[in-house]
Amino acid sequence: MLLFLIHKPFYFLLLLFSLPLHCKCNGNNVSIVPAVIVFGDSVVDTGNNNNLQTIFKVNYPPYGQDFSGGQPTGRFSNGKVPSDFFVEELGVKEVLPAYLDPNLRNEDLITGVNFASGGGGYDPLTSELASVISLEEQIELFKEYLEKVKSIAGDEVANTILNKGLFIVATGSNDVTNTYFNNPLRKYHYDFDSYTALMINSASSFLQNLYDLGARRIGVFGVPPIGCLPSQRTLQGGTQRECAQKYNELAVLFNNKLSTEINYLNLNLPYAKMVYIDGYYLPLDMIQNPTKYGFDVSNIGCCGTGTIEVAFLCKYTCTNVSEYVFWDSFHFTQDAYRIIVRDFLNKNINLIT
């Protein structure tokens, strides 16, 4: 448990909210959000899984080799992940700490924290099978977080975070790869349409819960082209390691439904500013045309052989990670993540201003 200050640091807060925070988007100087809050899975987890009894954690080398100090932090990449780039690009702070980080400081709470848990998903079964923090549990941790902010800084600061903060949700990949295609409890009881409906119902409920708690500016990532991840190429792409089309079809169907649901929520929830974030077509273009983005290799990861290794299977790495789109067989490199976040911010600056 965190130890809280007996008094409220009014001077600190006055200083914090008077600082001219700026966004690097399009080279413009624009005022940005006071805090960033993130929910989701391993794409955005910055270390919440470190102390869980699960195989879905990476707080050991070579993960984090390009992070500050070269230390593994629980981030599923060679360095920063999208959570970090959101706060960096928006000028909030350098990295977004995990809420369950035992070294989390009171001042870290005021500018945002991360609740994401690698291995989770929209389908409740996904998180249960992985023994990680479900979206429902992430919401409960967020409620606890709000009470801590109120205790430290007061209701007004908490309300400012809710009204003007940027909330990011990124999950769904594990539902496709781990739960639907590899678990008879789902694949043989649901077709594509009914399973994506299950995912959408969960996503919609989660977003409405966030809204009911006061969150207003919410960006939601679509599922990436799962079939083109190195692991799925290896497992499902045949001898030529082609993209597994069935996986991509399910991802596209879900993304289309998610975009529609977000539009519906925007129309029906007063003052909500929700936006669908392309997690599919930009990454797909990076995979199909890597040199366009400064990469050379996009069909294997940097870790191990690049074809199947992830987490504890990553024993060694390539020597030129900057040339790779993928870090391991499932996750992108920090350079690829930076491109994705900058693209979103450049196209959706209206969400945060």
Side-chain angles (χ1 to χ4, degrees), residues 36 38-89 92-105 108 111-120 130 132-133 168 170-171 173-174 221 224 229-231 283 286 294-295 297-298 300-342:
V36 175
V38 173
F39 304 88
D41 59 23
S42 61
V43 172
V44 286
D45 186 357
T46 55
N48 283 309
N49 280 15
N50 288 353
N51 295 312
L52 300 183
Q53 294 299 313
T54 177
I55 63 171
F56 290 87
K57 56 184 175 183
V58 290
N59 54 337
Y60 44 79
Y63 287 86
Q65 68 173 31
D66 298 304
F67 195 75
S68 177
Q71 297 298 312
T73 60
R75 289 167 169 81
F76 290 74
S77 187
N78 60 305
K80 291 184 175 183
V81 294
S83 310
D84 302 309
F85 287 121
F86 276 110
V87 293
E88 177 187 319
E89 293 291 318
V92 179
K93 48 189 173 184
E94 286 300 311
V95 296
L96 189 68
Y99 178 67
L100 297 182
D101 182 347
N103 298 314
L104 191 70
R105 303 167 302 173
D108 292 326
T111 49
V113 290
N114 186 353
F115 299 94
S117 180
V132 297
I133 307 167
I168 297 294
T171 192
S173 297
N174 297 306
F221 273 95
L229 303 188
S231 56
M286 293 169 63
F295 303 109
V297 184
S298 62
I300 62 173
C302 171
C303 167
T305 65
T307 58
I308 197 67
E309 294 90 346
V310 65
F312 61 89
L313 295 176
C314 286
K315 303 299 184 183
Y316 62 94
T317 66
C318 64
T319 58
N320 52 344
V321 64
S322 63
E323 297 178 3
Y324 284 71
V325 172
F326 289 98
W327 163 244
D328 58 24
S329 69
F330 202 87
H331 304 97
F332 291 92
T333 59
Q334 71 168 359
D335 288 344
Y337 281 138
R338 180 186 290 109
I339 291 170
I340 293 170
V341 171
R342 282 183 176 174

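Expressed to the nearest 0.5 Å, how far CD of E94 lies from OG of S68 amounts to 8.5 Å. Rounding to the nearest 0.5 angstrom, the gap separating the CG atom in N174 from the CZ atom in F330 is 5.0 Å. In this structure, F115 CZ and L100 CG are separated by 8.5 Å, a value rounded to the nearest 0.5 Å. To the nearest 0.5 Å, the span separating OH on Y99 from CZ on F39 amounts to 11.0 Å. Taking OG of S173 as the start and NE2 of H331 as the end, the distance is 8.0 Å to the nearest 0.5 Å.
Within the 4.5 Å cutoff, the side chain of F295 has heavy atoms near those of the I339 side chain. Between M286 and I340 there is a side-chain heavy-atom pair separated by less than 4.5 Å. Here the side chains of R75 and V95 are in contact, with some heavy-atom distance below 4.5 Å. Within the 4.5 Å cutoff, the side chain of V43 has no heavy atoms near those of the F332 side chain. Considering only heavy atoms from C-beta on, F76 comes within 4.5 Å of D45 through its side chain.
The side-chain contact (heavy atoms from CB on, under 4.5 Å) test applied to S83 returns V38, V44, T46, V81, L96, N114, not counting sequence neighbours. For Q334, the side-chain contact (heavy atoms from CB on, under 4.5 Å) test picks out D66, S77, N78, K80, F85, with sequence neighbours left out. For P97, the side-chain contact (heavy atoms from CB on, under 4.5 Å) test picks out K93, L104, D108, V113, with sequence neighbours left out. Qualifying side-chain contact (heavy atoms from CB on, under 4.5 Å) partners for K57, counting only residues two or more places apart in sequence or in other chains: N49, N59.
Checking side-chain atoms of N48 against main-chain N and O of S117 turns up no donor-acceptor pair under 3.5 Å. Side chain of D328 to backbone of G301: no donor-acceptor contact under 3.5 angstrom is found. T54 places no side-chain N or O within donor-acceptor distance of the main-chain N or O of V132, the cut-off being under 3.5 Å. Side-chain atoms of S231 come within 3.5 Å of backbone atoms of S329 as a donor-acceptor pair (strictly under, hydrogens ignored).
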Assess the residue pair L229 and F326 against the criterion (side chain to side chain contact (heavy atoms under 4.5 Å, CB included)); give the C-alpha distance rounded to whole Å, side-chain angles, the decisive distance to 0.1 Å, and a yes or no. CA-CA 8 Å; L229 303 188; F326 289 98; 3.4 Å; yes
Is there a side chain to side chain contact (heavy atoms under 4.5 Å, CB included) between Y324 and D335? Walk through the geometry before answering. CA-CA 9 Å; Y324 284 71; D335 288 344; over 6 Å; no
Please report the C-alpha distance between Q65 and V321 in whole Å, then the side-chain angles of each, then the deciding distance to 0.1 Å, and finally whether the side chain to side chain contact (heavy atoms under 4.5 Å, CB included) criterion is met. CA-CA 10 Å; Q65 68 173 31; V321 64; 4.3 Å; yes
Identify all side-chain donor-acceptor contacts of residues 305-316 below 3.5 Å with residues at least two apart in sequence or on another chain.
| residue | atom | partner | partner atom | Å |
| --- | --- | --- | --- | --- |
| T305 | OG1 | T307 | N | 3.3 |
| T305 | OG1 | T307 | OG1 | 2.7 |
| T305 | OG1 | E309 | OE1 | 2.9 |
| T305 | OG1 | E309 | OE2 | 3.0 |
| E309 | OE1 | T305 | N | 3.3 |
| E309 | OE1 | G306 | N | 3.3 |
| E309 | OE2 | T305 | N | 3.1 |
| K315 | NZ | F312 | O | 3.1 |

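For residues 40-64, the ring pair (Phe, Tyr, Trp, His ring centres under 6.0 Å) pairs, not counting sequence neighbours, are Y63-W327.
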